[in-house]
Structures are given as C-alpha cells and as structure tokens.
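Worth knowing before you read on, the calculation uses all heavy atoms, side chains too, and leaves out hydrogens, waters and symmetry mates. Naming: A, B, ... by sequence-line order, numbering from 1 per chain.
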Amino acid sequence: MLSELNQEQKEAVTTTEGPLLVLAGAGTGKTKVLTTRLAYIINEGKARPFECLAVTFTNKAAREMRERLENLISGENAADVWMGTFHGICLRILRVNAEKLGYAKNFVVYGEDDSEKLIKEILNGDDRYQPKTIMNIISRWKDQALTWDKVPDNYNSDLPTEARKIYETYQKRLREMNAMDFGDLILNTLTLLQTDTATATKYQNKFRYIMVDEYQDTNIAQYLWLKLLSMGHNNIACVGDDDQSIYAWRGAEIANILRFEQDFAGAKIIRLESNYRSTQHILACASRLIAHNSQRLGKDLKVAPNINGNGEKVVIRGVFNDRAEADFVANTIRNALNNGMNGGKIAVLVRASFMTRLFEEAFLIRAIKYRITGGLRFYERKEVMDIIAYIRLLLNRNDDMAFSRIINTPRRGFGNTALNNIRQYAYDKGCSFFEALTEMTSNDILKKAAKKTAEDFVNMFAEWRQRLDTDDHCELLKKMLTDIDYVAKMKLDREREENFSEVVKSLSDFRTMENLMEHVSLDFGAEEADTMTGCVSIMTLHAAKGLEFDCVFLPGWEDGLFPSSKTMDESPDGLEEERRLAYVGITRGRRNVIISFAANRKVYDQWMRSQPSRFLSELPKNNIKLWLDRGIVLTERLYE
DNA sequence: AAGGTTAATGTTTTT
DNA sequence: CATTAACCTT
C-alpha cells in the first residue's frame, strides 16, 4: 500500500498522531494520500472504522473517497467510517440530537429557494432590499458562527440595521416550521457541541482520527466545529491548498489554512510538491503567476520524475473579438479531433457562465460534441421542486414554504390574495398555513368557490396521509400525481415530463419518502450521463476545481472580466482570489494550456474594448508562446 | 386570479 | 440581447 507513494506522501500517510496539515498542490496525489492514510490507520489497528471521521465539501468527493477506501481495507467495513460532507455529517448528528436544540427529529432542510422565499415573506412587501441580498448577509453571518443574538451592532456600516432583526425573525420562523437551512446544519451542530458537554464529550471520544479535505474552503463555523470535535484525541489531519482557495465570496476563510500552525498547537506541515499531472512549461506558468500573491504559505510545484518533461509551451492567443476567440478555440479543437484526439480530454474553462454561449454556437457549427457542466441541477428544476414540495407537505404539515409553493400549483384558483389571507390567519393564530387552511374551511370564512377548492386540497392531503402508512411509497406518489393532474395542467414539454417521471423512478431507489428527502436536500444529484463520453467540456473555472484535462482552453483573459472587476471592487483580497482562480485554471491542464483574450467583446449587447488580463504579464516569458493577431498587443512587459 | 406588458438587470455557487 | 421579476389590465 505504501510502496506506491513518494517520500512526502508516505510521510503524510504515516504521521497519524497530532495535528497535521498536508499542503497538497494541484495534481500531487491529494486524494490518494487521504484515502491511503485512512486505510493505514484502520489496517494498523489504530482505530476502528466507526472511530474515523472524514469530511469533504462535495458528495462527489465523499463517494470517491469511499470507493477508493473499499479497495484498500480488507475485512473491515468501509461503510462504517463517518465519511461525508460537512453538511451531511452535521445532519447525521442532528437527527439524533435535534430535540436537545428544541427541534423535532424529523426537521426538514431548506434549500436556497425556500430560504429566499421565507425572507421575502418576512420582508412583507418592503422592497428596499432584495431577499437574495439579505439571505446572503445572513448566510455569511452563519458562516462566521454568528447566531442572530451575537451579530455585533456595528457589524457593517452600510448594512441596514434591519438585517439583524430579519435574521431573528427568520430563525424563529424556521423553528416554527421545524426547518433548518444549510448554514443551520453547521451552526446548530456547533451550538449543540458548545452547550451540551455530555454530547460533545461523546463525539470527542468517539472520533479518534479526523480528516478534512479541501481545508482552504472551510469557514469559521466549520473551523470551530472541527476544533471542538478534535479536542478528544487531537488527531486531526487537514488537506488543502491555500493557492486553490476560490470560495471566499461564499464564506470560505483562507485564513483558516494560513493560521493552521497557530490554531492547532504542535501541528506538523507536510508539503506535497511533486506534480504528476502537468508538464514543466505549464507548472512554470502556474508557479510564477501564483507567486504574485502575498497571502500564501508558499509551495513550489515540481514536475514529478518521469512525467511528461517540458512538453509544449503555454499558448497565449490574442484576437480581435470574442467571436474570433470562439472560432479559434473551435477550429483548434476540430483539428485535434480530426487528428484522433478524444474530445473528452479537452475542456474550455470560462470565468463566467454567460461566456459559454459563443462556444456552444461555434461547436454546433463544427459538429463538435460538447457538454456544459453546471447550470440548473436536477433538483433545482421547477417541476422537480414542485413534486418535492408535495412530498414535503405530506410528511410535515408545518412546512409553510412547501405549502405556499403548491397551494396554487397547478392553478386551482387560489391566488396571492387568498394566500395572504391564510398567512394572516396563521400569523394571528400562531399556527401553520396548512392548519389555517383547514380551520378556515370549517369556519365558513372563505367564499363559496374558494371554500370548495380549499376543502378539496385539505381532503386530498388527508387521504394521502392515511395511505402513507399502508400504501407503497412509489404507488402513493403516482396516485398523488394523478390526483393533481400535474403533467396535463402544467402543459409540460417532453423534457420536463421526463424530469418529472425521473423523480418517480428515483423514489424506488429509496425505502421511504423520507429517505428520498434526505437525499434531495443535501445531495443534488449530478446525473452524469454516460452518453456524454467523448464530449468536450465547457464549464466555469470554479466547476473545474479538482478535475484535469489533457488540453485546456482558458478564454476571456481580459481585465475587468478576468480578473473580474466586480470581485476586486468587493474586497481588497479580490485580486488574489482571482489569481488563485487563474492558477486553478492553468493547473487543470496536463499537456496543453491555451489562454486567449479578445480586444473587443460584446457584453449585454454592447461592444466593449478590453485590455489583456494583467495575469498575462505575470507569466514567465520562456514558457509561453505568443500568438497575436495583427493590431493586438500585450502592453505590459513580460517576466523573464 | 390570470395573463399579458413593461421595466430592470445582468459573476463565480461544493451544501 | 435575453431573461425574469414586478406591474397592470381584464
């Protein structure tokens, strides 16, 4: 097991005791180290599987780790390791302990959509602020482990003082509906561990070894959570790369990784710097670029022995406009495909998703098969969320957000004013929307027509609830969908109808409706169709983190677009984060990296003149090959 | 309450 | 331009 590792990797695997930070540069075998280390601990008998905690940020990463672990440990059961996302692990802990925090065990998890709708409801027509903005502020507070009562008065001078008040109301409403949002999963678990010593001790003793992936992406709440959980045995190993921290705008604190040695006394730091992915020219560009950042622990990627050698220089292509850029990329790819290259090994990585359009068009013309990753996820589609809301209300009649979503979907003559009446009634009585509706139907408050539809709605749910215990859950769902006649009433097109039946189908993978809900709320299924093999990938730089491609195109390297002026206006650290994003982009490439910029670009239907990205001038001259069209210049001097 | 019209607004999005 | 939310008319 250890024989396949290099010296640093071996050290990272066998250093099991005490705090450890593994600084793993791009392509240095991070996942391998993580899984091998876990297997090593278990195989050496240092801990049993269920005494190990391995935390990741994505379900994909957790699945991958689990699969690889299964191949490494024998006899022991990989399934017993506590492995999952921060949110997943927290959910697991909270399901058992919710009552200690005043929640019922079967609380629901609200997604962004529900949260925003709830904020909107709380704002009560006040259109001075956007629900999204408020929700963002609240989420950032939660990221920083600030419960509403701990938000300082002078939190932010240009922030409406009402935000904190809204936060308070928001939490109160969530509690009434027995719901938590994503941030609550972390924050409530943290509160539980901080306030309930017995519970804290239990988990602290349980987890002998803790491992964390992508540590550079943790926020303050997650840091405090880890700190608390690791207090028992003090064996915490964090793997990450400060140079790949690109989620500050979502609350990630790069300071967590920069401060690791101070935070965890006696911490050991191991650097993985042998890169098994890219050629020398690519690494040289990446290294020189990232060297311009000040906030870093410092690390130098070296080409791993026997890998690839110098390879080809990084190409910088300057063209007249965005159209020419897309044509260039598409032509180059068409050529490569004609020469037998597999399209699946090629990627176009853009800064912002609107940039994918031109490439799509250019690819279509040339019959280049492509796939766009990102965009709406399966469970975020309207028709899918609608069914989910039906299930949610069925399982939890206090779920007012689900109620609001479906009371008039499909249309049943129950519009906004009616919903407002219900809201008012529920507010006055301190009951849920569903109860309000039920009472209103029996109290003759409603007009005749409305009364009829309301009664039907209530009766429909009453019948479904009865069947919940007796009927097969798949059959029940089918019945529900027939009863509401969704497909016909919503005039679904072919694609949407397929999405719809996909949910019905996926329910059969789960034992109960509750099981499906758990899955839906935290694991937004990325249905990777296998028919997509051989397709060129188009995605954002953010989505590309963790992936690799033989050939990578990085278009749109223009000041204002990349680095994005918006990010730089937002925060003084913005430029460095953008640079890390550029670093992530370059280090995705194994053999070819082709950067491009256009002198003119149509943005919102307006032609904009743009300057080449300042990042271009931060690349080492000897490792790049310039290819500029007539009249296109790189004004800044290039580094030697 | 529904449907049609106009005005505003355009990054990145692991859970 | 093109999408979407808010608005206004029936």
* Could you name each residue pair satisfying salt bridge (charged side-chain N to carboxylate O under 4.0 Å, His left out) that touches residues 599-611 of chain A, not counting sequence neighbours? => A:Glu325-A:Arg601, A:Glu558-A:Arg601, A:Lys602-A:Asp605

* Using the test side-chain hydrogen bond (donor to acceptor under 3.5 Å, both in side chains), find all partners of A:Lys382 that sit at least two apart in sequence or belong to another chain. => A:Asp386

* Asked: Which part of the nucleic acid, if any, lies within reach of A:Glu570 when heavy atoms closer than 4.0 Å are counted: base, sugar-phosphate only, or nothing?
  -> base

* **With A:Ala62 via side-chain contact (heavy atoms from CB on, under 4.5 Å) - residues at least two apart** => A:Thr56

* Between B:dT15, B:dG10, B:dT12, which nucleotide gets closest to the side-chain atoms of A:Asn59? -> B:dT15

* Structure fact -> A:Thr409 meets the side-chain hydrogen bond (donor to acceptor under 3.5 Å, both in side chains) criterion, sequence neighbours left out, with none

* In whole angstrom, give the distance that lies between atom CD of A:Gln606 and atom C1' of B:dG10. => 13 Å

* Atom C1', compared across C:dA5 and B:dT12: separation rounded to whole Å -> 23 Å

* **Start and end of chain A contact along DNA chain C [non-hydrogen atoms, under 4.0 Å]** => C:dC1 to C:dA6

* Asked: Are A:Trp249 and the base of B:dT12 stacked, counting only ring centres nearer than 5.5 Å and planes tilted under 30°?
  -> yes

* Within residues 559-581 of chain A or reaching into it, pairs that qualify as ring pair (Phe, Tyr, Trp, His ring centres under 6.0 Å) - sequence neighbours excluded -> A:Trp557-A:Phe562, A:Phe562-A:Phe615

* To do: Could you pick out which residue, A:Lys545 or A:Tyr604, lies toward the 5' side of DNA chain B when each is mapped onto its nearest nucleotide?
  => A:Tyr604

Check: residues 411-420 of chain A side-chain donor-acceptor pairs under 3.5 Å, at least two apart:
| from | atom 1 | to | atom 2 | distance (Å) |
| --- | --- | --- | --- | --- |
| A:Arg412 | NH1 | A:Ile406 | O | 2.7 |
| A:Arg412 | NH1 | A:Ile407 | O | 2.8 |
| A:Arg412 | NH2 | A:Tyr390 | OH | 2.9 |
| A:Asn420 | OD1 | A:Arg423 | NH1 | 2.9 |
| A:Asn420 | ND2 | A:Asn416 | O | 3.4 |

* Contact class for A:Lys132 vs. all strands (heavy atom < 4.0 Å): base, sugar-phosphate, or nothing? -> nothing

* **DNA chain B contacts made by residues 82-93 of chain A, counting heavy atoms under 4.0 Å** => A:Thr85, A:His87

* When you check the phosphate oxygens OP1 and OP2 of B:dT13, does a side-chain N or O of A:Thr540 lie under 4.0 Å from one of them? -> yes

* Asked: Checking all strands, does A:Asn416 fall into the base, sugar-phosphate, or nothing category for heavy-atom contacts under 4.0 angstrom?
  -> sugar-phosphate

* To do: Please figure out whether A:Ala418 or A:Glu214 has its closest DNA chain B nucleotide nearer the 5' end.
  => A:Ala418

* Taking the side chain as every heavy atom from C-beta outward, state whether A:Thr356 and A:Phe363 have any atom pair closer than 4.5 Å. => no

* Structure fact -> Residue set satisfying side-chain contact (heavy atoms from CB on, under 4.5 Å) with A:Glu570, at least two apart, ordered chain then number -> none

* Asked: Where along residues 406-413 of chain A does a heavy atom fall under 4.0 Å from DNA chain B?
  -> A:Asn408, A:Arg411, A:Gly413

* Hey, does A:Gln130 reach any base, or is it just sugar-phosphate, or nothing, if we go heavy atoms under 4.0 Å? -> nothing

* What integer distance in Å separates A:Gln244:CD from B:dT14:C1'? -> 14 Å

* Can you sort out the partners of A:Asp114 under side-chain contact (heavy atoms from CB on, under 4.5 Å), two or more places apart, ordered by chain and number? => A:Tyr110, A:Arg392, A:Met401

* May I ask you to test the A:Ile89-A:Met83 pair for a side-chain heavy-atom distance under 4.5 Å? => no

* Asked: Sequence neighbours excluded, which residues qualify as side-chain contact (heavy atoms from CB on, under 4.5 Å) partners of A:Asp456?
  -> A:Lys452

